[in-house]
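Computed from heavy atoms alone, side chains included, the values below leave out hydrogens, waters and symmetry copies. In what follows, chains are A, B, ... by sequence order, proteins preceding strands, each numbered from 1.
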Number of protein chains: 2
Amino acid sequence: MKEFDPVLEYLSRYVNLSDDEKARFISFLKIKKVKKRQCIVQPGFVCIHKTYVVKGALRAYFVDQEDKEHTQAFAIEDWWISDYSSMIYQEPATLFVEALEDSILIQIAHTDMLRLLEEIPKLEKFERIITQRALAFQQKRLLSSFINTAEERYDDFMNKYGAIANRVPQYALASYLGFSTEYLSKIRNRKSSKS
Amino acid sequence: MKEFDPVLEYLSRYVNLSDDEKARFISFLKIKKVKKRQCIVQPGFVCIHKTYVVKGALRAYFVDQEDKEHTQAFAIEDWWISDYSSMIYQEPATLFVEALEDSILIQIAHTDMLRLLEEIPKLEKFERIITQRALAFQQKRLLSSFINTAEERYDDFMNKYGAIANRVPQYALASYLGFSTEYLSKIRNRKSSKS
DNA sequence: CTCCTTTCCTAAACCAGTTCATTTTTAGTT
DNA sequence: AACTAAAAATGAACTGGTTTAGGAAAGGAG
């Protein structure tokens, strides 16, 4: 099952599974290939899967009443993505999760994950830790949106996630950082004229 | 150990513990009483405890370079609070956690909690679930800060958490919602003149 | 290669929310 | 009750970021 190795490697950073447990885990995984612009989650439908990115790039975004998009998260190789709220509460999604490039994904259904958590309690630790880290990240991001100016947030993102910034469309980046594409353009212009 | 009952009741919503396990859990708990304005977490010191509020009200806030405060969370009766990031990474805190009223708290050290998680794996489920919910909440809050105007965010908060809003100082509420006290004052004025 | 769509850039008018400076109200303390 | 300090209100001047409307560049499909 070589195709699932990346996920097993990811798991092994947090928890040690026996070969049997690994096999059991893998039995619930599914490979999914998607083309650019294809959505794997849409508002109105419950988000069933947790999705791991083997190859490619995706984003989760919300569309508000004025049809404006707000990017909630990006995911590239070795990241997870989903409409988290929809998945854990088994409610209709509010987000789109869309491929920004042709991508190869590995998915596990939330209900299967819950079953696995019962079977292999060690996995709970994995879930807890990655969720804790996601929470800490999200808290920092919210603070930053209040504390830093648009330009500071842009700089921070370029420093930490330049690899992502250079791969995703500009409107997606601007809507992640919480300002308009026009303003992103203005920021970049300001920078290039300075140097 | 009647004094710890509120925490046990909280736990029981997520996981069933035997009497032995309950006793073991309780053995790590400590009661803490604090006066208004007293801080239980400060920048520079590692946040050791997870804190449950038996009675009273607290807030966690960040102070930026311009000495402006940004409230990250409130906690009243039956809520938990801490500098989450500092606690899980065992790094110096960046937040203050301050009592807004004289309060009675129950604390558990993070290291003790980790030990308990090893001893009583059932507890992992508890940790995972409350963290997942906190994450979903945080994600909604960030989206809302991008999508909604200051006034809409104020209205939402009043609807959902009116009980908190009426208990905390106005500057704390404004800094939670992400705008200035002056503007909050303006919003309230607008409303009272309308009705 | 050409057409067409999507993405990116620019600039001026505009507005939601801030800043600053001062006053009024409230709450805590002796 | 009187004093003090903290919190809330007010209003005028200002600004970071949006909006609107356009044109330029880049990528994909035939």
Point to revise | Rounded distance (Å) that lies between atom P of D:dT10 and atom CZ of B:Arg188 | key: 12 Å

Review point. Within a radius of less than 6.0 Å around CG of B:Asn159, do more than 12 heavy atoms belonging to other residues, nucleotides or ligands occur?
Key: yes

Point to revise | Phosphate OP1/OP2 of D:dA9 contacted by B:Gln170 side-chain N/O (<4.0 Å) | key: yes

Polar atom pairs (N or O), protein with nucleotides 14-18 of chain C, under 3.5 Å:
unit_1: C:dG17; atom_1: OP1; unit_2: B:Ala150; atom_2: N; d: 2.9
unit_1: C:dG17; atom_1: OP2; unit_2: B:Tyr183; atom_2: OH; d: 2.8
unit_1: C:dT18; atom_1: OP1; unit_2: B:Ser180; atom_2: N; d: 3.3
unit_1: C:dT18; atom_1: OP2; unit_2: B:Ser180; atom_2: N; d: 3.1
unit_1: C:dT18; atom_1: OP2; unit_2: B:Ser180; atom_2: OG; d: 3.0
unit_1: C:dT18; atom_1: O4; unit_2: B:Lys186; atom_2: NZ; d: 3.3

Check your understanding: With the threshold set at 4.0 Å, does a side-chain nitrogen-carboxylate oxygen contact exist between A:Arg115 and A:Asp112?
Key -> yes

Check your understanding: For B:Leu100 and D:dA7, what is the distance between atoms CG and P respectively, to the nearest whole Å?
Key -> 10 Å

Exercise for review: Keeping the roles fixed (side chain from A:Thr94, backbone from A:Pro43), state whether a donor-acceptor pair exists under 3.5 Å.
Suggested key: no

Review point. Does the ring of B:Tyr10 carry B:Arg13 above it, NZ/CZ under 6.0 angstrom from centre and within 45° of its axis?
Key: yes

Point to revise | Whole angstrom value for the distance that separates P of C:dT7 from CD of A:Glu101 | key: 13 Å

Study note, to complete from the structure: Axis-to-axis angle for the helix from C:dC1-D:dG30 to C:dT30-D:dA1, ends of five pairs each, to 10°, equals 60°

Exercise for review: Indicate whether any N or O donor in one side chain lies under 3.5 Å from an N or O acceptor in the other, for A:Gln138 and B:Gln139.
Suggested key: no

Exercise for review: Using modelled atom types only, decide if a donor and an acceptor are shared between the side chain of B:Arg133 and the backbone of A:Ile88 within a distance under 3.5 Å.
Suggested key: no

Practice item. Take atom CD of A:Glu66 and atom C1' of D:dT20, then tell me their distance rounded to the nearest Å. Key: 14 Å

Point to revise | Euclidean distance, atom CG of residue A:Leu173 to atom P of C:dC9 [Å, nearest integer] | key: 11 Å

Practice item. Let me know the distance between CG of B:Asn189 and P of C:dT24, rounded to the nearest Å. Key: 16 Å

Point to revise | Short N-O contact, A:Glu98 and A:Arg37, less than 4.0 angstrom | key: no

Check your understanding: Are the side chain of B:Glu124 and the backbone N or O of B:Pro121 linked by a donor-acceptor pair below 3.5 Å?
Key -> no

Below 3.5 Å is the cut-off: list the nitrogen or oxygen pairs between protein and nucleotides 24-29 of chain D, distance only.
none

Point to revise | Aromatic ring proximity B:Phe157/B:Tyr176, centre distance under 6.0 Å | key: yes

Review point. Does a side-chain N-to-carboxylate-O contact under 4.0 Å join B:Glu182 and B:Lys186?
Key: no

Exercise for review: Please answer whether the main-chain N or O of B:Gln132 pairs with a side-chain N or O of A:Thr131 as donor and acceptor at a distance below 3.5 Å.
Suggested key: no

Check your understanding: Please give, in whole Å, the distance from C:dT19 P to B:Asp67 CG?
Key -> 13 Å

**Study point:** Length of the line joining B:Asn166:CG and C:dT26:P, which is rounded to integer Å
**Key:** 16 Å

